[in-house]
Visitor: 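The structure follows.
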Amino acid sequence: MELERRIWRAQLASVFPWIEEDRQATVTRYRRLLVVDEHLQALGVRDVEEIELGALARQLRNRAPREEVQKLECLGRIRNALAHRKPALPADLAFALRTGRNR
């Protein structure tokens with residue numbers, strides 16, 4: 001249990017900021033394709049800058065390269081694990097690292 005907690009802390013400190021940087025870069029890259037729809041407004045989103053990874057993946061599913069969408073889904077899983085105090089799955093980390101950052 002202690003080892004898992006240490007892994008989570010290390011991932012939180014190093015991976016969490018990387019995920020946010022990638023999310024922001026994705027918003028910048030695809031801004032013209034993104035919208036704050038009624039569903040997002042109901043969740044309190046007021047600007048495309050606030051769109052989270054899952055919603056980005058959904059909006060870009062048929063508009064961005066498949067690998068880009070897969071990366072967003074993967075980063076979303078990693079972010080959710082870390083937010084719930086769990087280490088990210090090794091396969092998700094490997095995929096995220098393999099697909100690069102801020103393309």
Visitor: Please name the pair of heavy atoms, one in S14 and one in A10, separated by the smallest distance, quoted to 0.1 Å.
Guide: OG-O, 2.8 Å
Visitor: CD1 of I78 to NZ of K71: how many Å apart, nearest 0.5 Å?
Guide: 11.0 Å
Visitor: Enter the distance from C74:SG to R98:CZ here, rounded to the nearest 0.5 Å.
Guide: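 Taking SG in C74 and CZ in R98, the distance rounds to 8.5 Å.
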Visitor: Should E73 and R61 be marked as a side-chain contact (heavy atoms from CB on, under 4.5 Å) after you check the CA-CA gap, both sets of side-chain angles, and the distance that decides it?
Guide: CA-CA 10 Å; E73 292 168 344; R61 183 158 282 121; 2.5 Å; yes
Visitor: With Q11, which residues qualify under side-chain hydrogen bond (donor to acceptor under 3.5 Å, both in side chains), at least two apart?
Guide: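 Checked Q11 against side-chain hydrogen bond (donor to acceptor under 3.5 Å, both in side chains); zero matches.
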Visitor: Between R63 and E68, is the closest basic N to carboxylate O distance under 4.0 Å?
Guide: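 So E68 does not pair with R63 through a salt bridge.
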Visitor: Which ILVMFWY residues are connected to M1, directly or by a chain of links, through side-chain heavy atoms under 4.5 Å apart?
Guide: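 Taking Ile, Leu, Val, Met, Phe, Trp and Tyr as members, M1 stands alone, with no cluster partners.
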Visitor: Just wondering, more than 12 heavy atoms not from D47 lying within 6.0 Å of its CG?
Guide: yes
Visitor: Run the salt bridge (charged side-chain N to carboxylate O under 4.0 Å, His left out) test against R5 and tell me which residues pass, sequence neighbours left out.
Guide: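 R5: salt bridge (charged side-chain N to carboxylate O under 4.0 Å, His left out) contacts with E2.
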Visitor: What is the minimum heavy-atom distance between V36 and Q41, and which atoms define it?
Guide: O-NE2, 3.4 Å
Visitor: Shortest non-hydrogen contact from A83 to F16?
Guide: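 Here A83 and F16 meet closest at N-CE1, 4.4 Å.
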Visitor: Let me have the donor-acceptor pairs involving side chains of residues 48-60, under 3.5 Å, with sequence neighbours excluded, atom names and distances please.
Guide:
{"residue": "E49", "atom": "OE2", "partner": "R31", "partner atom": "NH1", "Å": "3.4"}
{"residue": "E49", "atom": "OE2", "partner": "R31", "partner atom": "NH2", "Å": "2.0"}
{"residue": "E50", "atom": "OE1", "partner": "R46", "partner atom": "N", "Å": "2.8"}
{"residue": "R58", "atom": "NH1", "partner": "G54", "partner atom": "O", "Å": "3.4"}
{"residue": "Q59", "atom": "OE1", "partner": "V35", "partner atom": "N", "Å": "2.9"}
{"residue": "Q59", "atom": "NE2", "partner": "V35", "partner atom": "O", "Å": "2.7"}

Visitor: Linking Ile, Leu, Val, Met, Phe, Trp and Tyr by side-chain heavy atoms under 4.5 Å, what else ends up with L3?
Guide: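 I7, which link up through side-chain heavy atoms under 4.5 Å apart, make up the rest of the cluster.
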Visitor: Side chains of residues 85-96: which donor-acceptor partners sit under 3.5 Å, not counting sequence neighbours?
Guide:
{"residue": "D92", "atom": "OD1", "partner": "R77", "partner atom": "NE", "Å": "3.3"}
{"residue": "D92", "atom": "OD1", "partner": "R77", "partner atom": "NH2", "Å": "2.9"}
{"residue": "D92", "atom": "OD2", "partner": "R77", "partner atom": "NE", "Å": "3.2"}

Visitor: Where is the tightest heavy-atom contact between L75 and W18, given as atom of each residue plus distance?
Guide: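 Looking at all heavy atoms of both residues, the closest pair is CD2-CZ3, 4.0 Å.
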